[in-house]
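Worksheet for the structure shown next.
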There are 2 protein chains.
Amino acid sequence: MSQFFGSHENRLDVKGRVSVPASFRAALRGEAETVSLILRPSHIPGCIEAWPRTAYARWQAALDALEDFDPKREALATLLYSEAFPVDTDAQGRIVIPAELAEHAGLKEGVSFFGRGDHFHIWEPSAGAAFKKASRAMAPSFLIGRPVQ
Amino acid sequence: MSQFFGSHENRLDVKGRVSVPASFRAALRGEAETVSLILRPSHIPGCIEAWPRTAYARWQAALDALEDFDPKREALATLLYSEAFPVDTDAQGRIVIPAELAEHAGLKEGVSFFGRGDHFHIWEPSAGAAFKKASRAMAPSFLIGRPVQ
DNA sequence: GAGAAACCCATGATCTCCCATAAAGTGGTG
DNA sequence: CACCACTTTATGGGAGATCATGGGTTTCTC
């Protein structure tokens, strides 16, 4: 499976468009020809998650595993569908971030994209930098010794 | 598994390219024909880690072992993906070091490569030399007798 | 028909790919 | 073991492709 790596920063134009980093577009094209994404507010404050449709299916499978009428199912369905927005890139590889999500992330001009393997994050740059810093700070507490063999 | 030995120093050209030492390239080719690497900032200040993709997969396995929504998982994903950049050598065996990493290491013109077994380090030469010296200085305090079998 | 959204074309900056070359390394041979 | 031919390595540079971005025009919606 293709994966999203690295950090990139692009800028919103006056029409609210922003280029998806080329390396992310390449990763998307790898698994499907339509370059389309699901955007949703992350449980991490200030962060937007962006998922390829194929990877999003993983969550949909989790939903299917829950019983009908289970309150958890209702809650998960809300998260997966009601708060999520499908978006497609234009011919130049740009997306328009829905106003509700742009506000959730406090986007102004700059937009940071952080690879996370099977999906990526969209942040207002300073908030994203703070999140990165916090991640680095907590890492040594559990990253001890060698990786699992 | 391929192994990286020794130290080498090459130079960045005006386009930001630097040759990966030939012996390291040979070690990489040993396990896959595409000469590609994952670069990431080390927890050691000023140091860039370079991993063959196959060795990097072990870290990714460590990530997969953590539960969804676990803050540790979020932090580790940042380190393994958001801060990591896959790079491929050109036909001449050179890589371009991403600006974010070049800055982390304070790279100017010279670039030192230190073998570390399953991965290697990239340093600004004087910082790398200092790290080596510090390593030598502390080694006798714990390196007693025979290596572990 | 007004506003917004989608579509199309344009452009400078950056990046890749390809070819070139000097220096260093390697091996063979007398 | 001295010499030479060939290979590999590290590095330089040019041309074309790609990327991010701007902006105009058509199409859709209500």
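Residue numbers start from 1 in every chain, and the chains themselves are labelled A, B, ... in the order their sequence lines are given, proteins ahead of strands.
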Ring pair (Phe, Tyr, Trp, His ring centres under 6.0 Å) contacts in which one or both residues fall within residues 5-25 of chain B, not counting sequence neighbours: Phe4(B)-Phe24(B), His8(B)-Phe24(B), Phe24(B)-Phe120(B)
Sequence-distant partners of Val96(A), side chain to side chain contact (heavy atoms under 4.5 Å, CB included), two or more places apart: Arg17(A)
Linked hydrophobic residues, Phe131(A) as query - side chain contacts closer than 4.5 Å: Ile44(A), Phe114(A), Trp123(A)
Sugar-phosphate, base or nothing in reach of Val20(B), heavy atoms under 4.0 Å: sugar-phosphate
Pairs flagged by side chain to side chain donor-acceptor pair (under 3.5 Å) wherever residues 95-107 of chain B is involved - sequence neighbours left out: Lys132(A)-Glu100(B)
Among dT21(D), dA10(D), dA20(D), the one nearest Arg25(A) by side-chain distance: dA20(D)
Ser126(B): partners by side-chain hydrogen bond (donor to acceptor under 3.5 Å, both in side chains), with sequence neighbours left out: Glu124(B)
Quick test: give all pairs of protein nitrogen or oxygen and nucleotides 20-26 of chain C nitrogen or oxygen below 3.5 Å, distance rounded to 0.1 Å.
none

Protein N or O to nucleotides 24-27 of chain D N or O, pairs below 3.5 Å:
residue: dG24(D); atom: O6; partner: Lys15(A); partner atom: NZ; Å: 2.1

Qualifying residues under side chain to side chain contact (heavy atoms under 4.5 Å, CB included), relative to Pro98(A), sequence neighbours excluded: Leu39(A), Phe85(A), Val87(A), Leu101(A)
Residues in side chain to side chain contact (heavy atoms under 4.5 Å, CB included) contact with Phe69(A), at least two apart in sequence or another chain: none
Degree of bending in the helix from dG1(C)-dC30(D) to dG30(C)-dC1(D) once both end axes are built from five pairs, to 10°: 40°
Side-chain donor-acceptor pair present, Arg53(B), Ser36(B), cut-off under 3.5 Å: yes
Within residues 63-77 of chain A or reaching into it, pairs that qualify as side chain to side chain donor-acceptor pair (under 3.5 Å) - sequence neighbours excluded: none
Residue pairs, two or more places apart or on separate chains, that pass salt bridge (Lys or Arg N to Asp or Glu O under 4.0 Å) and touch residues 37-52 of chain A: Arg40(A)-Glu49(A)
